[in-house]
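Each remark here refers to the structure printed beneath this line.
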Amino acid sequence: MGEVGWKIGGDQGEGIDSTGDVVATVANRLGYHIYGYKSFSSRIKGGHTHYKVRIADHPVRAASATTQVLVALTQETIDKNVQELSPGGAVVADLAFSPSLPAGSELTLIGIPMAQIARQIGNPLTRNMVAVGASAALLHLPMEAFSAYVSEKFERKGAEMVSQNVRALGEGHAAALAQMPDGLAVRLPEVAPAHRLLLTGNQAVALGAVRAGCRIMAAYPITPATDIMEQLVTLLPPLGGVVCQMEDEIAAITLVIGAGYAGVRAMTATSGPGFSLMQEGMGLAASAEVPAVIVDCQRAGPSTGMPTKNEQSDIMAAIFGGHGGAARVVLAPGTPEQAYRDIGHAFNLAEAYHLPVIVASDLSLGEWLQTVDDLPYADVSISRGSLISQAELLALTDAYSRYQVTASGVSPRSLPGQAKGQYLATGVEHLPSGKVSEDPKNRRLEMDKREQKLSTLSQSEPGTEYLGPERSDVLVITFGSTVGPVDEAVALAQESAAVARLQIRRLWPFPAAEVLAAAGRAAAVLFVEQNGQGQLAQLAEMSGLHHPHTAHLRRYDGTLFLPSEILTAILSGRQLATAKGVS
Amino acid sequence: MGEVGWKIGGDQGEGIDSTGDVVATVANRLGYHIYGYKSFSSRIKGGHTHYKVRIADHPVRAASATTQVLVALTQETIDKNVQELSPGGAVVADLAFSPSLPAGSELTLIGIPMAQIARQIGNPLTRNMVAVGASAALLHLPMEAFSAYVSEKFERKGAEMVSQNVRALGEGHAAALAQMPDGLAVRLPEVAPAHRLLLTGNQAVALGAVRAGCRIMAAYPITPATDIMEQLVTLLPPLGGVVCQMEDEIAAITLVIGAGYAGVRAMTATSGPGFSLMQEGMGLAASAEVPAVIVDCQRAGPSTGMPTKNEQSDIMAAIFGGHGGAARVVLAPGTPEQAYRDIGHAFNLAEAYHLPVIVASDLSLGEWLQTVDDLPYADVSISRGSLISQAELLALTDAYSRYQVTASGVSPRSLPGQAKGQYLATGVEHLPSGKVSEDPKNRRLEMDKREQKLSTLSQSEPGTEYLGPERSDVLVITFGSTVGPVDEAVALAQESAAVARLQIRRLWPFPAAEVLAAAGRAAAVLFVEQNGQGQLAQLAEMSGLHHPHTAHLRRYDGTLFLPSEILTAILSGRQLATAKGVS
Amino acid sequence: MAEPITLADIKTDEKSWWCPGCGDFGVLAALQKSVIDLQIAPHEMVMVAGIGCSGKIGNYINSYNIHVVHGRTLPTAMGVKLANRDLKVLAVGGDGDGFAIGMGHFIHACRRNVDVTYLTMDNHIYGLTKGQNSPTSDRGAKVKTAPEGSIEAPVRPLQMALAAGATWVGQGFSSNQAELVELIKSALGHRGFSFLNVISPCVTYNKVNTYAWYKEVLRSLKDDPGYRTDDRQAAMARAMETDELVTGLLFRDDSALAYEDQVAGFSTQPLTEQSLDLTPGQWEGLLADLR
Amino acid sequence: MAEPITLADIKTDEKSWWCPGCGDFGVLAALQKSVIDLQIAPHEMVMVAGIGCSGKIGNYINSYNIHVVHGRTLPTAMGVKLANRDLKVLAVGGDGDGFAIGMGHFIHACRRNVDVTYLTMDNHIYGLTKGQNSPTSDRGAKVKTAPEGSIEAPVRPLQMALAAGATWVGQGFSSNQAELVELIKSALGHRGFSFLNVISPCVTYNKVNTYAWYKEVLRSLKDDPGYRTDDRQAAMARAMETDELVTGLLFRDDSALAYEDQVAGFSTQPLTEQSLDLTPGQWEGLLADLR
Ligand SMILES: Cc1ncc(C[n+]2csc(CCOP(=O)(O)OP(=O)(O)O)c2C)c(N)n1
Ligand SMILES: Cc1ncc(C[n+]2csc(CCOP(=O)(O)OP(=O)(O)O)c2C)c(N)n1
Ligand code: SF4
Ligand code: SF4
Ligand SMILES: [Mg+2]
Ligand SMILES: [Mg+2]
């Protein structure tokens with residue numbers, strides 16, 4: 001297995017994003033597996049930013065610790081990143097800022113007058129394409145693939161733009177080749193060309209929503225969820241649907257409830273602050289039993305926090321955030337494929353159980369480009385849940401009872417427009433008919449009915465994914481995008497220990513039995529999660545998990561987990577168990 | 001120990017409230033202990049309502065199951081309540097509706113032409129005073145006390161009103177006396193006159209806030225919290241303070257934050273739906289470290305739920321409701337005295353630790369009148385926490401650092417107006433200076449600092465109140481107003497078992513060590529709480545409590561716990577433990 | 001099906017939750033009459049009601065009803081309408097619901113022009129929570145939360161709607177049934193957002209703005225034959241001059257397109273009737289860009 | 001202490017977070033100049049900033065600053081002012097912050113008339129979230145969330161403020177420093193709520209409402225010597241006629257009392273300077289009623 005870490009750094013607003021995207025896209029097309037990671041700030045221009053593309057001949061789901069090729073558009077880029085370059089790696093830098101390596105560095109510095117070349121080409125914006133061309137040389141990747149993609153990308157902007165950019169690529173390539181020393185330790189293994197997808201979790205969510213028949217999306221912009229709205233604003237209209245940018249998140253969630261009540265699959269997407277504002281609305285959906293799908297693409301909190309940094313710290317709020325203990329379902333995808341399936345599943349669950357379903361995504365999942373084999377059509381299917389038909393309504397002898405108590409807790413739903421299906425949907429406690437009522441006995445029945453839906457759901461499908469040997473020295477329990485670095489660490493750890501991992505795929509209703517069973521077969525348990533409180537561990541404990549050898553690895557500083565540090569935690573978790581003579 | 005249950009019932013909007021208040025107030029003045037409980041609906045006029053006053057010669061903290069005197073203003077009142085009348089009890093009814101008892105009833109029916117008497121007096125509104133007069137007769141309470149109180153009450157409305165009402169009292173009294181049979185089993189023990197207080201938890205909160213130096217209250221009306229605002233609107237202006245009725249709860253909490261930032265003790269009060277809307281604002285207070293006091297007078301949820309019914313179902317939302325795991329303190333008073341002390345304490349904690357402090361009250365505590373020995377001046381004192389003085393600011397050699405990392409997590413606070421104390425308070429992650437920053441190391445330090453405050457607090461004061469023998473067969477764990485019926489049940493249970501109770505006074509940071517220690521000395525544990533999810537039990541479990549013999553008693557139908565059913569649960573909890581051979 | 005809609009079809013058997021004499025009865029009666037006059041089938045109408053005494057109107061109308069959280073009728077109504085544009089969508093609520101907590105949504109609904117009718121039952125008070133200040137309470141009005149009298153300039157709903165770009169703006173009085181029925185019918189017939197503020201006295205808590213008081217001060221635009229309803233600026237001037245003590249249709253603009261008629265690509269059929277499934281070919285087409 | 005306030009006193013050493021050319025630089029410069037002209041000491045001013053590019057202005061002014069959650073500057077500013085009425089309180093934020101999520105608070109702040117200055121930096125776009133539709137975006141403007149062009153009638157902030165009863169309403173342009181400084185100083189000097197909308201172009205995301213475009217279309221009231229600022233109805237008419245492409249002071253009413261001057265019993269001293277403790281005697285007095 002082989003891989004290379006390529007990174008570009010420079011000032012925010014200078015096109016770093018799209019430069020990284022070009023390298024990632026071309027490498028993906030060539031058959032490599034990609035994981036792209038950007039570090040940026042909550043500002044538009046200025047400030048240092050970098051974009052790291054991990055290029056491998058095997059699937060990758062995490063950022064890597066080392067870099068082999070660093071493209072520097074400012075000296076700051078060199079200063080900040082040089083320590084992560086592997087011996088034998090190279091720095092490609094714009095001569096415009098007279099780049100220098102730290103004294104004594106054995107790295108190769110390839111200086112190219114990028115800005116100058118771009119000016120000569122007649123378009124200063126082509127500077128980054130010079131850098132891309134140089135990168136192609138260093139990575140030994142075929143130039144034709146770059147030229148082809150860049151031509152495609154700029155096609156809409158006219159022939160001149162295309163030729164300028166292709167020329168920039170070529171000049172960068174030539175300049176780098178001319179300087180490239182022999183001993184450069186940058187080697188990408190050969191791979192067969194492939195036809196895989198390269199996308200972010202947010203794109204997967206948007207596509208999944210479309211696949212699942214979502215036709216209305218209402219939202220208020222917020223990093224890192226805005227993408228989803230921006231994707232859907234182009235995807236929905238051709239299908240007759242609509243994206244509504246609302247005045248706030250409260251309007252967004254209540255619009256979704258209106259649309260759901262009327263029978264259309266509708267969703268919203270937000271992040272922490274907006275999610276907090278939706279708590280009251282989600283309670284209404286729970287109580288009036290209206291389907292609603294809410295994506296919370298989490299970022300570092302509390303409050304405004306660090307809007308451009310990853311965290312997984314909204315899960316307690318997702319589960320317990322509404323007053324009065326309003327029922328919800330919370331799913332937690334960890335990869336784009338899972339995001340695709342989960343959003344599809346969320347629409348089915350919302351309509352099957354008539355309640356709000358939260359898809360707790362996170363910034364890393366939502367924003368970083370990843371190679372994905374496919375998003376198979378068949379992985380999502382549409383099932384509209386318990387609807388009463390017009391014929392059934394007309395055949396009823398008594399008046400239709402929307403909130404009839406049933407064994408599963410689910411009562412068939414009519415839709416506005418259906419004759420004889422009228423009812424009152426309300427957040428006030430109500431009789432089976434929908435009429436408001438404070439009768440204590442009815443109250444218990446209706447509360448129990450609503451809670452019953454969660455039990456029915458728990459019993460009908462698993463909420464975890466288990467990987468590894470049945471009995472383990474260490475069981476790693478995790479969720480969301482953290483599963484990426486965890487899985488890499490687990491694979492590495494296999495060499496020296498029996499390690500398994502359990503990904504919690506449904507955070508609520510919590511799959512307690514599955515977690516207890518899995519933990520019961522492990523000598524030690526390690527929770528790995530990206531929040532300061534250990535929210536997943538709290539949930540597990542609340543659900544009855546009290547493993548005598550429990551360790552925790554938490555990150556809440558906005559940086560990404562690296563597989564290496566998880567590996568260390570796994571190995572010391574193993575020691576914990578063996579030291580106490582359990583393994 | 002003796003007591004009588006007196007109850008009045010009729011149509012909502014017909015003055016049932018103030019009639020009950022008269023009986024309760026006079027009995028309190030005479031030296032009895034009172035617990036008043038109303039059942040009403042979320043509507044203004046119409047619909048049946050009743051008000052039950054428990055009159056005892058000993059402290060009472062719960063509603064009682066039986067009634068000795070029922071005043072019926074409609075036949076519905078008789079039909080709905082007759083089954084709870086004790087043998088030998090009496091029904092006093094307005095002849096206007098030709099009252100009748102169920103066939104075969106051995107109760108005494110005293111019919112009085114109340115409406116007619118009132119019309120003769122020239123003021124139909126005096127009808128209820130006729131009923132009060134009759135009640136005085138049945139209860140053998142001195143008429144002078146009633147006349148005196150009623151004169152006081154109507155003084156502002158003029159002499160005619162006073163004389164009409166006093167006359168109504170007298171006529172009711174005479175009419176009842178004339179019909180009173182000898183065998184009536186209504187007997188109130190004699191008591192010495194006393195000077196105790198009669199008030200609701202909401203009144204205690206308002207008074208406590210004033211005592212604690214609160215000068216700004218911002219809120220949006222909502223049952224059952226509106227009282228607090230309505231109390232303060234008369235209490236604050238004489239002290240130069242102000243109550244702001246805002247456009248919504250978000251405005252209320254953010255106003256409180258502004259006032260807190262500027263150095264004034266400010267609060268808001270709300271109930272479930274409004275509380276959900278405040279989640280984002282509370283996160284800001286946590287992150288920017290601004291003191292804020294929020295009273296959540298809980299009612300039955302989820303969503304609009306049953307606005308006039310009690311529940312204790314917001315506590316998970318109070319603790320975990322904000323995205324990003326924002327830190328809060330949550331206190332839970334169970335009696336008016338505790339409410340008084342807690343609100344005072346809340347202001348001190350908010351200013352000591354610079355964070356939001358939630359006082360989780362509930363409708364029963366908030367709305368029912370109770371006799372209270374006193375609200376001692378000395379039970380609340382004002383301590384402004386860690387403030388930096390003007391002299392200290394001027395003496396600083398470096399710039400003032402508002403969010404300096406300290407061992408306790410608390411950093412001294414400047415107030416606007418202080419020279420050289422300027423800083424940026426923000427919900428964005430920041431440096432000790434207040435400047436925004438995404439530096440990972442700083443992030444960890446500032447997050448840890450904020451969390452540290454909760455640890456410091458946990459270690460500095462207890463969070464529970466324990467009552468009963470050190471070792472117990474059953475330990476009842478409860479919180480909020482439920483402690484009232486629990487304590488009565490525990491007292492009754494003492495006869496047959498060693499029973500203790502632990503009241504959780506601070507829900508967050510959860511007093512885990514105290515709970516574990518207390519539970520460790522009990523053969524069985526019984527959680528008694530008013531919500532459908534068992535939120536308190538969830539919290540305890542999350543905090544490490546896993547008692548092998550745990551039972552739960554939950555009520556979530558809007559009706560009140562009666563001591564008798566808790567007693568039954570205690571006794572079967574005891575069996576649970578003994579059956580398994582533990583006791 | 002072809003049977004005419006009668007009162008029996010559109011009322012429920014729920015007993016009233018309002019105080020005797022409450023202005024809301026008049027609104028209910030006028031609404032029922034309008035629905036009958038327009039022959040709107042109960043199952044083709046969705047009423048979205050707010051929280052308050054006013055919001056209980058949904059309990060008495062046998063249509064599809066959704067009773068939402070306080071202040072959020074309008075975004076919910078927008079969701080209903082976009083989901084199924086064949087439905088008649090009516091949002092109703094009180095002055096607190098609409099102009100305090102709901103103010104933001106109100107302004108934004110006006111400017112969006114979704115085909116929804118918004119009927120407010122304005123009693124200048126918070127009824128259901130028992131008599132606090134409302135945003136439309138008169139300056140100086142003594143209410144529970146302003147025992148010395150309200151010190152805030154009242155919200156002027158008609159001016160707000162006009163400034164926000166609403167395409168149908170009117171005001172009714174619950175005691176003037178004939179005019180109110182006409183206004184409701186006109187509002188329901190307008191294609192776009194229509195805002196009808198209805199003065200609906202609270203007999204229990206509002207002792208200032210009583211029926212008698214209104215009868216004295218309200219003027220109907222009917223009595224001004226020269227008044228033209230197609231001039232936004234004139235409508236604004238009239239609202240300002242009269243301090244909104246005026247009833248009738250202030251303004252309508254029938255040329256403005258409704259939101260749903262402007263969304264690019266938006267289905268002219270109800271979305272509820274669309275097939276949701278893509279073909280595998282369509283799906284592949286969507287993924288093609290990402291390979 | 002008696003030293004004059006200079007730029008050095010009121011600026012911070014924070015580097016800029018704005019794009020080169022952003023209109024917000026002009027607002028910052030004018031604000032700094034105004035504060036210096038008025039000699040407001042940094043510790044006697046509280047700036048309450050919203051979330052957005054605009055909200056970052058708080059990073060550059062060395063006063064007391066509180067940077068709140070999105071859309072909630074105004075209630076926070078009200079809290080600050082009521083707590084300490086000796087402070088100068090300035091709320092600042094963007095068009096999204098103020099007129100989308102913050103719309104309700106904006107209208108209610110106008111009608112309450114607390115002595116707070118509200119300065120909005122209106123670029124007709126969401127800058128910080130990278131170019132979505134804002135409530136003031138022009139109809140037809142193509143933005144990320146409306147690739148076919150915005151279909152909503154834009155919010156007209158001046159009309160909203162006038163309809164809501166604001167007692168000082170004006171509009172500035174970040175390129176017209178002289179006028180802007182004058183406006184800011186006048187707003188800060190007004191006793192009551194002052195609303196100053198400042199056109200502050202976003203050079204990165206708004207390609208429609210550019211400096212050049214504004215310079216073409218904006219007219220200053222200065223150029224109309226006959227314009228009187230004391231007539232709300234005339235101000236409204238002017239705002240409507242010009243579609244708000246106008247700068248200058250539209251309206252002021254100096255006779256209206258500020259909120260804090262109307263609250264019965266409200267302290268004329270800052271509350272922060274009051275003693276909080278009651279005497280035991282006062283306490284007993286409060287309890288007496290309950291015995
Ligand atoms: C979020 C929230 N806050 C507060 C309330 C309490 N509440 C119920 S109705 C109401 C206002 C009623 O006034 P209005 O809207 O004018 O209706 P009316 O009763 O006068 O018809 C309030 C504040 C609530 N239900 N939800
Ligand atoms: C509750 C909430 N929703 C959404 C956001 C994301 N957000 C940050 S700034 C902003 C709007 C920015 O636009 P504007 O107020 O016009 O300010 P500008 O950047 O244009 O100055 C939004 C939606 C947020 N921070 N909080
Ligand atoms: S309180 Fe007022 S608004 Fe409510 S029902 Fe009674 S009269 Fe009507
Ligand atoms: S994005 Fe626009 S508003 Fe934001 S800093 Fe850049 S130019 Fe200014
Ligand atoms: Mg009202
Ligand atoms: Mg903007």
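Residue numbers begin at 1 in each chain, while the letters A, B, ... track the order of the sequences.
Between chain B and the residues D:A41, D:S63, D:G58, the largest count of heavy-atom pairs under 4.5 Å involves D:S63. Heavy-atom pairs under 4.5 Å with chain B were tallied for D:L278, D:I66, D:V80; the largest tally goes to D:I66. Note on B:V243, B:L235, B:N28, B:D248: by heavy-atom pairs under 4.5 Å with chain D, the leading option is B:D248. Between chain D and the options B:G421, B:G263, B:A288, B:A194, the largest number of non-hydrogen pairs under 4.5 Å is found for B:G421. Your options are B:T254, B:T426, B:L415, and the one with the most heavy-atom pairs under 4.5 Å with chain D is B:T254. Heavy-atom pairs under 4.5 Å with chain D peak, among B:L199, B:I250, B:I253, at B:I250. Comparing B:G258, B:P238, B:S414 by heavy-atom pairs within less than 4.5 Å of chain D, the highest count is held by B:G258. Contact tally against chain B (heavy-atom pairs below 4.5 Å) for D:L286, D:I107, D:N59, D:N62: the top residue is D:N62. Here D:R112 is the residue among D:E44, D:K81, D:R112 with the most heavy-atom pairs under 4.5 Å with chain B. Interface check for chain B: of the options D:A288, D:P280, D:G265, the most heavy-atom pairs under 4.5 Å are formed by D:P280. Of the residues considered (B:T25, B:V290, B:V256, B:L239), B:L239 shows the highest number of contacts with chain D, using heavy-atom pairs under 4.5 Å.
With a threshold of 4.5 angstrom between heavy atoms, B:E152 does not approach chain D through any atom at all. With a threshold of 4.5 angstrom between heavy atoms, B:C214 does not approach chain D through any atom at all. Heavy-atom distances place no part of D:T268 under 4.5 Å from chain B, backbone and side chain included. If you measure heavy-atom distances from D:V68 to chain B, the contacts under 4.5 Å come from both the backbone and the side chain. Both the backbone and the side chain of B:L424 come within less than 4.5 Å of a heavy atom of chain D. For D:E260, no part lies under 4.5 angstrom from a heavy atom of chain B.
The two atoms that bring B:A262 and D:A83 nearest to each other are CB-CB, 3.6 Å, heavy atoms only. Scanning all heavy atoms of the two residues, the minimum distance from B:G240 to D:Q274 falls at CA-NE2, 4.1 Å. Counting all heavy atoms, side chain and backbone alike, B:P416 lies closest to D:L87 at CB-CD1, 3.7 Å. The nearest pair of heavy atoms linking D:M78 to B:M246 is SD-CE, 3.8 Å. Minimum heavy-atom separation, B:L207 to D:L290: CD1-CD1, 3.4 Å.
Under the 4.5 Å side-chain criterion, counting only non-hydrogen atoms from C-beta, B:R265 is in contact with D:L276. Counting only heavy atoms from C-beta outward, the side chains of D:W283 and B:L375 approach each other to under 4.5 Å. A 4.5 Å side-chain heavy-atom check between D:R72 and B:I257 finds every atom pair outside the cut-off. Taking the side chain as every heavy atom from C-beta outward, D:V48 and B:Y261 never approach each other to under 4.5 Å. Under the 4.5 Å side-chain criterion, counting only non-hydrogen atoms from C-beta, D:V263 is not in contact with B:P237. At least one side-chain heavy atom of D:L82 sits under 4.5 Å from a side-chain heavy atom of B:V242.
Distance check: D:H67 NE2 to B:S287 OG gives 11.0 Å after rounding to the nearest 0.5 Å. To the nearest 0.5 Å, atoms CG (D:L287) and CZ (B:R196) are separated by 15.0 Å. One distance of note links NE2 of D:H43 with OH of B:Y423; it measures 15.0 Å at 0.5 Å rounding.
Applying the 6.0 Å contact sphere to CD of B:E155 captures no more than 12 heavy atoms from other residues, nucleotides or ligands. The 12-atom threshold is not exceeded at CZ of D:R191, counting heavy atoms of other residues, nucleotides or ligands nearer than 6.0 Å. The number of heavy-atom neighbours closer than 6.0 Å to NZ of D:K185, taken from other residues, nucleotides and ligands shown, is above 12.
Contacts between residues 97-106 of chain D and chain B, counted as heavy-atom pairs separated by less than 4.5 Å, involve D:G104, D:H105.
Counting only distance, with no hydrogens or angles, the side chain of D:Y64 and the backbone of B:Q418 share a donor-acceptor pair below 3.5 Å. Checked by atom type and distance alone, the side chain of D:R291 never pairs as donor or acceptor with a backbone atom of B:L198 at under 3.5 Å.
Salt bridge status for D:R111 with B:E247: absent, with no side-chain N to carboxylate O gap under 4.0 Å.
Residue pairs that meet the salt bridge (charged side-chain N to carboxylate O under 4.0 Å, His left out) test with at least one member in residues 4-20 of chain D, sequence neighbours left out, are B:K435-D:D13.
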